[in-house]
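Each remark here refers to the structure printed beneath this line.
Everything quoted here is computed from the prediction, not taken from an experiment. Chain A is the first sequence line, chain B the second, and so forth, proteins listed ahead of strands; every chain is numbered from 1.
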2 protein chains.
Amino acid sequence: MRKTEQRACILEALREGPPHSAADEVHRRVRHKLPGISLATVYRNLDLLSRQGLIRRLGGHGGRRRYDAVREAHGHFWCLACGEVEDIPFTFPQPEIDMTHPWMKGRVVYVASTDLQGLCPSCAEKAAAEQKD
Amino acid sequence: MRKTEQRACILEALREGPPHSAADEVHRRVRHKLPGISLATVYRNLDLLSRQGLIRRLGGHGGRRRYDAVREAHGHFWCLACGEVEDIPFTFPQPEIDMTHPWMKGRVVYVASTDLQGLCPSCAEKAAAEQKD
DNA sequence: GTATCTGCAAAAGTTTTGCAATCCA
DNA sequence: TGGATTGCAAAACTTTTGCAGATAC
């Protein structure tokens with residue numbers, strides 16, 4: 001993997017910007033430094049970096065794929081209604097998965113996370129209000 | 001939520017078909033029973049069912065959103081190269097998250113999962129081969 | 001009876017790709 | 001120099017939405 005200014009700036013933008021950014025958000029931020037950078041380059045690099053395990057790729061429950069520069073295992077809360085992702089802000093014991101299990105043979109594991117999915121407070125409130133109607 | 005034949009068949013297809021199906025796959029399978037069902041209906045129902053917590057919505061690392069009829073907490077392995085998702089086939093202690101923590105107040109949690117991401121054996125092999133070239 | 005649900009078709013949104021030019025090693 | 005990388009534009013793919021008619025309760 002070569003060193004290019006675009007790639008460096010993308011990584012920097014992901015690290016310094018808000019967590020769980022989508023490609024278009026990263027693109028918008030990188031443009032401040034590199035006005036000419038194309039969205040395709042951002043996509044290509046986010047994909048490349050995540051395949052190398054340098055960043056974390058999040059699902060995209062909201063339709064858009066999101067990326068996370070934090071590689072340490074941590075928890076996420078996905079809201080199914082608004083699509084937002086939040087880090088779970090308190091610590092809890094991470095599950096211990098037996099990496100020596102035969103099924104793991106040949107696999108490369110970059111990151112682990114514990115994900116909860118449900119409704120965030122404001123969406124839960126809206127949902128409850130609709131029930132009443 | 002009303003009871004419709006379409007909805008019932010979609011749920012059935014998700015339960016009986018291969019796990020982690022995407023909307024178009026569910027649609028293809030449901031068509032066997034309900035040839036006239038539209039893809040839009042499948043999308044609408046998968047979304048609705050997941051918001052009610054009846055099924056689980058997976059991220060869509062491969063671009064497509066996937067759904068899972070298994071609601072019990074379990075682990076997934078996502079391959080970043082080919083986009084496939086597999087259930088981790090052995091059990092391990094699930095993390096204990098303090099649901100009484102103040103941050104959890106107001107949230108509705110439907111399901112929890114532990115996700116690993118990396119490369120599956122065949123993609124890991126390919127990646128290693130490319131390194132050598 | 002009425003709000004929900006469906007099918008259709010169009011629109012919207014997101015990601016990938018072909019290609020020629022450019023850049024890094 | 002040679003292969004990796006980029007920008008641009010088009011294409012591909014996935015998901016959502018408006019609407020009129022059908023359906024469940």
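Among C:dT15, C:dG7, D:dA24, the nucleotide with an atom closest to any side-chain atom of B:Arg2 is D:dA24. Distances were taken from every side-chain heavy atom of A:Met1 (C-beta onward) to each of C:dG7, D:dT5, D:dT6; the shortest belongs to D:dT5. When distances are taken from the side chain of A:Thr41 to each of C:dT6, D:dG7, C:dT17, the shortest belongs to D:dG7.
When heavy atoms are screened at a 4.0 angstrom cut-off, B:Asp24 is found touching no nucleic acid atom at all. Counting non-hydrogen atoms under 4.0 angstrom, B:Asp47 reaches nothing in the nucleic acid.
Between the NZ atom of B:Lys33 and the C1' atom of C:dT6 there is a distance of 18 Å, rounded to whole Å. Summarising the geometry, the separation between CD1 on A:Ile10 and C1' on D:dG7 is reported as 12 Å, rounded to the nearest angstrom. As rounded to whole Å, 14 Å separates atom P of D:dT5 from atom CG of A:Leu46. Going from atom CG of A:Asn45 over to atom P of C:dT17 covers 15 Å, rounded to whole Å. Rounded to whole Å, atom C1' of D:dG7 lies 11 Å from atom CG of A:Leu39. Counting to the nearest Å, the C1' atom of C:dA25 and the CZ atom of A:Arg7 are 13 Å from each other. Straight-line distance from the NZ atom of B:Lys3 to the P atom of D:dA22: 24 Å, rounded to whole Å. Rounded to whole Å, the distance from CG on B:Leu34 to P on C:dC5 is 16 Å.
The phosphate of D:dT16 (OP1 or OP2) has no side-chain N or O of B:Tyr43 nearer than 4.0 angstrom. For D:dG7, the OP1/OP2 oxygens have a side-chain nitrogen or oxygen of A:Gln6 closer than 4.0 Å. In this structure, A:Arg65 does not reach the C:dT14 phosphate: none of its side-chain N or O atoms is under 4.0 Å from OP1 or OP2. At D:dT23, none of the side-chain N or O atoms of B:Thr4 fall inside 4.0 Å of OP1 or OP2 (strictly under the cut-off).
Evaluation of atom-type donor-acceptor distances gives no pair under 3.5 Å for the side chain of A:Arg44 against the base of D:dT5.
Using modelled atom types, one finds a donor on one side chain and an acceptor on the other under 3.5 Å when comparing B:Ser21 with B:Arg29.
Contact between A:Val26 and A:Ala13 at its shortest, heavy atoms only, is CG1-CB, 4.4 Å.
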Exercise. B:Arg57 and B:Asp47: salt bridge (charged side-chain N to carboxylate O under 4.0 Å, His left out), yes or no, with the steps?
Worked result: CA-CA 8 Å; B:Arg57 189 159 113 186; B:Asp47 185 51; 3.0 Å; yes
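With B:Gln52 contributing its side chain and B:Leu49 its backbone, the two residues share no donor-acceptor pair below 3.5 Å. Proximity of a side-chain donor or acceptor of B:Asp87 to a complementary backbone N or O of B:Pro89 within less than 3.5 Å is not detected.
Nearest-nucleotide assignment on DNA chain C puts the 5′-proximal partner with B:Leu48, out of A:Ala23 and B:Leu48.
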